[in-house]
Amino acid sequence: MTERCFRSAEQTGFDEIKQNLAVIRETSAEAMDKAGRKDELRIMAVTKTVPVEKINYAESLGIDLLGENRVQEFLGKADGYSPDSEVHFIGSLQSNKVKYIIGRVSMIHSVDSIKLAQEINKRSAEHGITTDILLEINIGGEDSKSGISPDMLKDTAKRIEEFENIRLRGLMTIPPPGGEEKYFAKMQELYQRMRQDNANIDVLSMGMSADYADAVKYGSTLIRIGSGLFGYRNYNK
Ligand SMILES: *Cc1c(COP(=O)(O)O)cnc(C)c1O
């Protein structure tokens with residue numbers, strides 16, 4: 001676990017965002033080296049509750065991938081983002097909201113049911129596009145979390161691969177707090193098995209502000225960083 005104390009978002013100005021990003025880049029590069037990895041790691045800036053000016057500032061520092069949790073918030077902010085940034089949807093997604101984001105995000109990380117995949121497929125077909133998706137795995141088997149159980153992965157992937165306007169690209173997870181390493185190791189195993197069956201699989205989305213170095217150790221190709229970059233969120237405000 002990376003032990004760092006994050007400051008609140010209000011206290012986190014541009015200079016601090018710059019320093020935070022330098023730490024994240026350095027720490028993740030070290031973790032890549034330690035793991036003997038020469039492949040690529042993407043750093044996503046998670047934008048929930050963050051004002052557009054700060055997101056634009058992160059973009060000016062070379063962040064080219066944004067992660068969105070909430071459909072309404074995204075729709076309100078997206079016009080202010082740099083057109084060069086890629087946007088992925090990472091939050092829990094209700095089927096009836098899918099129509100608002102198709103064509104506006106290039107990947108959806110949080111697909112946790114065939115029904116949701118079906119809706120993404122249908123709306124993508126209407127737009128004449130293919131949408132990349134990841135399957136969210138409930139790796140800790142927690143009742144409180146969404147995601148597919150590892151036992152169901154193979155069958156679910158098989159069915160989703162049949163949809164014409166979806167391209168399955170890999171897996172995403174949010175592990176239970178504490179003991180992450182064991183869960184990251186399990187995710188790596190599932191991911192590698194999946195890659196043997198499907199040549200499109202190239203994204204393992206895992207690791208957040210508190211645990212990204214461990215995630216990198218177990219093969220994460222995309223880390224999702226919010227508070228470690230922009231400061232601690234205060235939802236009561
Ligand atoms: C908020 C969020 C993150 C980032 O979490 P931090 O701990 O603030 O880095 C990553 N992934 C998802 C799905 C999130 O909702």
Side-chain angles (χ1 to χ4, degrees), residues 1-12 16-17 19-28 31 41-51 54-55 58 61 63-74 77 85-94 97 101 105-113 116 132-140 142 144-148 169-181 183-184 187 191 203-216 218 220-237:
M1 285 272 297
T2 317
E3 290 296 339
R4 274 195 92 217
C5 221
F6 304 121
R7 296 176 65 173
S8 79
E10 288 79 9
Q11 290 173 306
T12 306
E16 201 146 1
I17 290 173
Q19 288 164 21
N20 288 344
L21 183 57
V23 170
I24 293 158
R25 282 180 168 147
E26 198 182 306
T27 308
S28 54
L41 174 71
R42 293 196 80 185
I43 299 175
M44 166 190 280
V46 176
T47 65
K48 58 182 179 257
T49 76
V50 180
K54 287 186 178 172
I55 297 166
L61 300 174
I63 285 287
D64 61 357
L65 176 60
L66 306 177
E68 300 292 324
N69 280 79
R70 298 165 182 162
V71 173
Q72 287 310 321
E73 187 182 333
F74 166 56
K77 282 165 36 177
S85 286
E86 191 178 339
V87 181
H88 292 179
F89 196 84
I90 62 171
S92 67
L93 183 60
Q94 290 168 299
K97 299 264 176 76
I101 65 167
V105 301
S106 59
M107 193 182 290
I108 300 174
H109 290 216
S110 42
V111 177
D112 60 357
S113 69
L116 180 58
D132 286 342
I133 67 154
L134 304 180
L135 286 175
E136 181 173 353
I137 303 295
N138 186 351
I139 196 67
E142 297 167 283
S144 60
K145 278 206 186 120
S146 47
I148 295 162
R169 294 279 302 273
L171 301 176
M172 181 270 232
T173 199
I174 306 173
E180 283 87 356
E181 284 210 39
Y183 297 110
F184 288 148
M187 286 298 298
Y191 175 69
V203 181
L204 179 55
S205 166
M206 63 183 190
M208 314 201 297
S209 297
D211 57 18
Y212 65 91
D214 283 340
V216 167
Y218 293 98
S220 169
T221 68
L222 190 163
I223 54 177
R224 308 181 308 266
I225 311 290
S227 50
L229 183 60
F230 296 116
Y232 210 91
R233 298 173 293 277
N234 184 349
Y235 287 112
N236 300 321
K237 283 205 174 153

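Counting starts at 1 for both ligands and their atoms, in listed order.
With sequence neighbours excluded, the residues satisfying salt bridge (charged side-chain N to carboxylate O under 4.0 Å, His left out) with K145 are E142.
Of all atoms in ligand 1, numbered sequentially from 1 with element shown, those under 4.0 Å from a heavy atom of I174 are 13 (C). Interface of I225 with ligand 1, defined as ligand atoms under 4.0 Å from a residue heavy atom, comprises 9 (O). Per-residue contacts place N69 under 4.0 angstrom from the following atoms of ligand 1 (heavy atoms of the residue considered): 14 (C), 15 (O). In summary, the atoms of ligand 1 found under 4.0 Å from a heavy atom of S227, numbered by their order in the structure, are 6 (P), 7 (O), 8 (O), 9 (O).
Proximity of K48 to ligand 1, defined as any heavy-atom pair under 4.0 Å, is confined to the side chain (atoms from C-beta onward).
We find the CD1-OG distance between I174 and S92 to be 9.0 Å, quoted to the nearest 0.5 Å. Note that the CG atom of L65 and the CZ atom of R42 stand 4.5 Å from one another [nearest 0.5 Å].
Between G226 and ligand 1, an N or O atom pair is found at a separation short of 3.5 Å.
In this structure, the side chain of S209 engages the main chain of G228 through a donor-acceptor pair within 3.5 Å.
Inter-residue side-chain proximity for D214 and M206 is flagged as unmet; no heavy-atom pair is nearer than 4.5 Å.
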